[in-house]
Asker: 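Attaching a single structure in structure tokens format; questions to follow.
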Protein chains: 2
Amino acid sequence: MIPKKSKYAIQALKCLAKVYPDQGKLSIAQIAAEENISRKFLEAILLQLRHNGIVGSKMGPNGGYYLLQSPDEIVLSNIIRSTGGPIALLPCVSLNFYEPCEDCPHEELCGLHDVLLEVREASVRILSKTSLSDLINREKKLSKKNKNK
Amino acid sequence: MIPKKSKYAIQALKCLAKVYPDQGKLSIAQIAAEENISRKFLEAILLQLRHNGIVGSKMGPNGGYYLLQSPDEIVLSNIIRSTGGPIALLPCVSLNFYEPCEDCPHEELCGLHDVLLEVREASVRILSKTSLSDLINREKKLSKKNKNK
DNA sequence: TACTTATCCTATCGGATTAATATGATATAT
DNA sequence: ATATATCATATTAATCCGATAGGATAAGTA
């Protein structure tokens, strides 16, 4: 499971992506209201995203946050990792939260390790080819599909 | 991430699978020693696996635990679920730990939900086709590969 | 300059979960 | 009977997560 932090980060970035081209900038308060996220918690999240080079910010009146890359360059795997969310099912197969199993003499001989590597690769494959733009497009399609009913 | 409980369960069942055909039975103490797992913790885990119909047990001297199905019928997804390990990345896409997102008006219109469903399906596809026998076979292959070096 | 608006930053809190233990009851071989 | 093993429930200690507090800093505006 990924933490709420990662989920909120994705939601917030989706908001920023929607206003991207026109020097799109939104304040914490605006995003928090739009997505029903605790204002203070979101503040911490956006700060972290800034430290990870995903968003930029401007202080003062009329300030706010904005994307540093185009919405189709920002992919889910990157967002999840930048906010401390693990993708792998065990630390021993995690890229960013790697920790060896105690008493596993040879990781390379462990069958479970081997299978869970495959699982991680399958997950990352999907998450790293899905960008913010893709997310938005998906929602457009889903909404069309739903109207036809 | 899955809890250690699930990982230990898989290790313990792999032990039982290795002694399966000949009315294979092992005591908690034997498994705990073999796999370096806390004896008492393992006890709780095996109890849970019994309640989930995966192993059977016999009390008293010469007692112990044994598999109730053949090792190639017991798959990883089942073990993980039986020990409380979530596979999905968010509760809203989990089969066994489902919880709707608060303030997500229509789950079916959520792009993230849509993507994470794909991720879960990819993961489950692998985990539900990998049995204890497969795990053991994998380890044999890995060990051969390693000798050739 | 004074004031207001917004981000920056660090510290902290309560609650939940996790991994592990403790304790004693129950069953079954010899 | 006694020793050996599982059964069952309760408790602990540590960690993590989601959220909050409070003040510092920067930038626009009158």
Side-chain angles (χ1 to χ4, degrees), chain A residues 1-12 16 23 25-33 35-66 68 80 83-86 89-91 94 97 99 101-103, chain B residues 1-12 16 23 25-33 35-66 68 80 83-86 89-91 94 97 99 101-103:
Chain A
M1 292 265 180
I2 59 175
K4 283 199 175 178
K5 196 188 257 191
S6 298
K7 189 196 148 209
Y8 290 160
I10 294 170
Q11 289 178 253
L16 291 175
Q23 187 50 297
K25 202 180 358 168
L26 293 175
S27 72
I28 294 174
Q30 285 176 305
I31 302 174
E35 298 290 328
N36 267 85
I37 304 173
S38 146
R39 208 194 147 287
K40 269 303 198 179
F41 192 27
L42 181 60
E43 195 177 323
I45 294 169
L46 286 167
L47 211 53
Q48 197 170 352
L49 289 174
R50 189 177 65 90
H51 289 143
N52 279 277
I54 295 177
V55 299
S57 65
K58 204 180 161 217
M59 288 176 95
N62 241 322
Y65 285 92
Y66 51 90
L68 284 178
I80 292 174
T83 47
L89 291 183
L90 279 184
S94 172
F97 303 92
E99 246 179 85
C101 297
E102 319 143 5
D103 307 318
Chain B
M1 293 267 180
I2 58 176
K4 284 198 175 180
K5 196 189 259 192
S6 297
K7 190 197 147 209
Y8 291 159
I10 294 170
Q11 291 178 252
L16 291 176
Q23 187 50 297
K25 202 181 355 170
L26 291 175
S27 72
I28 295 174
Q30 285 176 306
I31 302 174
E35 296 291 327
N36 268 86
I37 304 173
S38 146
R39 207 192 149 289
K40 268 305 195 180
F41 192 27
L42 180 60
E43 197 177 321
I45 294 169
L46 286 167
L47 212 54
Q48 197 169 351
L49 290 174
R50 188 177 66 91
H51 289 142
N52 279 278
I54 295 177
V55 298
S57 65
K58 204 181 161 217
M59 289 176 94
N62 239 321
Y65 285 91
Y66 51 90
L68 283 178
I80 292 174
T83 49
L89 290 182
L90 279 183
S94 172
F97 303 92
E99 248 178 83
C101 296
E102 319 143 4
D103 307 319

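So that the names make sense, note that chain A is the first sequence line, chain B the second, and so on, each numbered from 1. Not measured: the values here are computed from a predicted model.
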Asker: Locate the shortest heavy-atom distance separating B:Ala9 from B:Ile45; write the atom from each residue and the value.
Answerer: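 Closest pair (atom of B:Ala9, atom of B:Ile45, distance): CB-CG2, 3.8 Å.
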Asker: Taking five pairs at each end, how big is the angle between the two axes of the helix from C:dT1-D:dA30 to C:dT30-D:dA1, to 10°?
Answerer: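 Between the axes fitted at each end of the helix from C:dT1-D:dA30 to C:dT30-D:dA1 lies an angle of 0°.
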Asker: Does D:dC7 have its OP1 or OP2 closer than 4.0 Å to a side-chain nitrogen or oxygen of B:Arg50?
Answerer: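 Looking at the OP1 and OP2 atoms of D:dC7, one of them is under 4.0 Å from a side-chain N or O of B:Arg50.
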Asker: Can you check the A:Glu35 CD to D:dG18 P distance for me, whole Å?
Answerer: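 So the two atoms are 17 Å apart, to the nearest Å.
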Asker: Indicate the atoms forming the closest heavy-atom contact of A:Cys101 with B:Lys7, along with that distance.
Answerer: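 That closest heavy-atom pairing would be SG-NZ, 3.6 Å.
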Asker: Which heavy atom in B:Ile28 sits nearest to a heavy atom in B:Glu43, and how many Å separate them?
Answerer: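 Scanning both residues, the minimum pair turns out to be CD1-CG, 3.3 Å.
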Asker: Could you write nucleotides 17-30 of chain C as a row of B, S and -, 5' to 3', where a protein heavy atom under 4.0 Å of any base atom gives B, of only sugar-phosphate atoms gives S, and otherwise -?
Answerer: --SBBBBB-BBBB-
Asker: How close do B:Ile80 and B:Ile10 get, heavy atom to heavy atom, and via which atoms?
Answerer: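 For B:Ile80 versus B:Ile10, the nearest heavy atoms are CG1-CD1, 4.3 Å.
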Asker: Between P on D:dA19 and CD on A:Gln48, what's the gap in Å once rounded to a whole number?
Answerer: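 These atoms are roughly 15 Å apart.
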Asker: So which atom in A:Gly84 and which in A:Pro3 form the shortest heavy-atom distance, rounded to 0.1 Å?
Answerer: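 Between these two residues, the closest heavy atoms are O-CG, 4.3 Å.
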Asker: For C:dC8, take OP1 and OP2 only and decide whether either is under 4.0 Å from a side-chain N or O of A:Tyr65.
Answerer: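 True: A:Tyr65 side-chain N/O within range (under 4.0 Å) of C:dC8 OP1/OP2.
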Asker: Expressed in angstrom and rounded to an integer, what is the separation of A:Leu47 atom CG from C:dA11 atom C1'?
Answerer: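 Taking CG of A:Leu47 and C1' of C:dA11, I get 14 Å after rounding.
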Asker: Can you see if the side chain of A:His51 gets near the phosphate of C:dC8 - specifically, an N or O under 4.0 Å from OP1 or OP2?
Answerer: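 Answer is no, no contact under 4.0 Å.
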Asker: For A:Met1 and B:Pro86, which heavy atoms make the closest approach, and how far apart are they?
Answerer: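 Answer, listing the atom of A:Met1 first, then B:Pro86: CE-CB, 3.5 Å.
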Asker: Provide, to the nearest angstrom, the distance between the CD1 atom belonging to B:Ile31 and the P atom belonging to D:dT6.
Answerer: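 Atom CD1 in B:Ile31 sits about 8 Å away from atom P in D:dT6.
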Asker: Please tell me if the side chains of B:Tyr65 and B:Leu47 come closer than 4.5 Å, counting only heavy atoms from C-beta onward.
Answerer: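 In short, these two side chains touch, coming nearer than 4.5 Å.
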Asker: Look at A:Glu102 together with B:Lys4 and state whether they make a salt bridge at an N to O cut-off of under 4.0 Å.
Answerer: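 Looking at A:Glu102 and B:Lys4, the cut-off is met.
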Asker: In whole Å, I'd like the distance from the CG atom of A:Leu26 to the P atom of C:dT7.
Answerer: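 The distance from CG of A:Leu26 to P of C:dT7 comes to 10 Å, rounded to the nearest Å.
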Asker: Which is true for B:Leu46 with a 4.0 Å heavy-atom rule: it touches a base, it touches only sugar-phosphate, or it touches nothing?
Answerer: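 Counting heavy atoms under 4.0 Å across all strands, no contact is made by B:Leu46.
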Asker: Report all side-chain donor-acceptor pairs from residues 56-63 of chain B shorter than 3.5 Å, counting only partners two or more places apart or in another chain.
Answerer:
none

Asker: Using OP1 and OP2 only, check whether a side-chain N or O of B:Ser57 sits under 4.0 Å from D:dC7.
Answerer: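 It does, given that an N or O in the side chain of B:Ser57 lies less than 4.0 Å from OP1 or OP2 of D:dC7.
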Asker: How long is the line joining NZ of A:Lys25 and C1' of C:dT5, in whole Å?
Answerer: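 Rounded to the whole Å, the gap is 13 Å.
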